[in-house]
Amino acid sequence: MERQLALDLVSTVRHDGDGGVADDLTTVEGTTCWIQERPGLLSVHTAAGGEFAADEELRDRIVALRQAVRALFALAVSPAPASRADADRLLPADQALDRLNSAAASEPVAPQLVWSRGEAPAVRLRSTEGESGVRIVAALARAAIDFLAGPQRELLRACTAPRCVRYFVKGHGRQEWCGPACGNRARVARHYQRTRTGADAEPDRS
């Protein structure tokens, strides 16, 4: 589930339903709502206590991290095309890697041994960071690292449907689009193109 956070983060850039691109993190309020909708991220804050509200600094840090993750997603799907939302202005891979790794390293953690009677010993990482914003950004960075270093990276694709800018993980071998709506839109576009091409090829009998 944690790896899903990586897809959730890049998907805050999305088709707005009207031919353009929307950004769920444009405002502090939008950023607050996005984090509140993800219990895993909100639990990172809850450990520090109090009601959560993002500020401009946290919003900027999450947007900067998203830029790095989207650049690395583009690298992962290469040589296939990257998402059209930012294919022409991606961070260089080395800068994206440095930004991602720095964000993950911003939260100091210490290993803790957990050993209950009748169970095998286990190691859990305990944060020693008091600032919830740092912990949230680091959690997002770790999720992206887990995703990009895991098997799902090989199944990552950029949706090629008209106007879509999402990345998705292929659920089966023949999947071409991120969802049914995009599949329908792509098929309609293909049919229109075939029909138009056929009409253009017909001789003029007037």
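What's counted below: heavy atoms across the whole structure, side chains too, no hydrogens, waters or symmetry copies. All residue numbers refer to positions in the sequence shown, counting from 1. Being a predicted model, the structure only gives us computed values, none of them experimental.
By the 4.5 Å heavy-atom criterion applied to side chains, Pro111 and Leu125 are counted as neighbours. In this structure, the side chains of Leu155 and Phe168 stay at 4.5 Å or more apart for every pair of heavy atoms. Arg157 is not listed as a side-chain neighbour of Tyr167, based on a closest heavy-atom distance of 4.5 Å or more. Using a 4.5 Å heavy-atom threshold, the side chains of Arg38 and Leu5 count as touching. Looking at Pro108 and Ser127, their side chains never come closer than 4.5 Å, going by heavy atoms from C-beta outward.
The hydrophobic clustering, which links ILVMFWY residues whose side-chain heavy atoms are closer than 4.5 Å, places Val77 and Val69 together. Side-chain heavy atoms closer than 4.5 Å link hydrophobic residues (I, L, V, M, F, W, Y) into clusters, and following such links, even through other members, never connects Leu91 to Leu156. Taking hydrophobic clusters as Ile, Leu, Val, Met, Phe, Trp and Tyr residues chained together by side-chain heavy-atom distances below 4.5 Å, Leu100 shares a cluster with Leu58. Phe73 and Ile145 end up in the same hydrophobic cluster when Ile, Leu, Val, Met, Phe, Trp and Tyr side chains are linked at under 4.5 Å. A continuous path of ILVMFWY side-chain contacts below 4.5 Å connects Ile136 to Leu7, so both sit in one hydrophobic cluster.
Atom CZ of residue Arg163 and atom NE2 of residue His15 lie 5.0 Å apart, to the nearest 0.5 angstrom. The distance from atom CG of Leu75 to atom CZ of Arg153, rounded to the nearest 0.5 Å, is 9.0 Å. The structure places OG of Ser106 at 11.0 Å from CG of Asn101, a figure rounded to the nearest 0.5 Å.
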**Message:** Apply salt bridge (charged side-chain N to carboxylate O under 4.0 Å, His left out) to residues Arg135 and Glu129 and explain how you reach the verdict.
**Reply:** CA-CA 7 Å; Arg135 297 171 70 171; Glu129 171 61 51; over 6 Å; no
**Request:** Applying salt bridge (charged side-chain N to carboxylate O under 4.0 Å, His left out), run through Arg142 and Glu107 and close with a yes or a no.
**Result:** CA-CA 10 Å; Arg142 288 194 301 268; Glu107 179 187 15; 2.7 Å; yes
**Asked** So Ile62 and Leu9, side chain to side chain contact (heavy atoms under 4.5 Å, CB included) or not? Walk me through it.
**Response** CA-CA 9 Å; Ile62 294 176; Leu9 178 61; 3.8 Å; yes
**Request:** Check the pair Arg61, Asp55 against salt bridge (charged side-chain N to carboxylate O under 4.0 Å, His left out), reporting the backbone distance first and the verdict last.
**Result:** CA-CA 10 Å; Arg61 291 167 66 185; Asp55 57 21; over 6 Å; no
**Prompt:** Where do Asp24 and Arg14 land on the side chain to side chain contact (heavy atoms under 4.5 Å, CB included) test, with the steps shown first?
**Reply:** CA-CA 8 Å; Asp24 293 332; Arg14 56 184 175 76; 2.9 Å; yes
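Looking only at distances, no side-chain donor or acceptor of Ser102 sits under 3.5 Å from a matching main-chain atom of Arg99. A donor-acceptor pair is defined here as one N or O able to donate and one able to accept, closer than 3.5 Å; such a pair exists between the side chain of Thr27 and the backbone of Gly30. At distances below 3.5 Å, not a single donor-acceptor pair connects side-chain atoms of Thr12 with backbone N or O atoms of Leu25.
Between Arg66 and Asp23 there is a salt bridge, with a side-chain nitrogen of the basic residue lying less than 4.0 Å from a carboxylate oxygen of the acidic one.
Of all heavy-atom pairs between Trp34 and Leu41, the closest is CZ3-CD1, 3.8 Å. Closest non-hydrogen pair, Ala93 versus Leu72, comes out as O-CD2, 4.2 Å. Minimum heavy-atom separation, Arg84 to Cys159: NH2-O, 4.2 Å. Summarising the geometry of Ala103 relative to Leu65, their closest heavy-atom pair is CB-CD1, 4.0 Å, with the distance given to 0.1 Å. Across every non-hydrogen atom of Arg70 and Ala85, the tightest pair is NH2-CB, 3.6 Å. Taking each heavy atom of Arg59 and Val28 in turn, the nearest pair found is CD-N, 3.8 Å.
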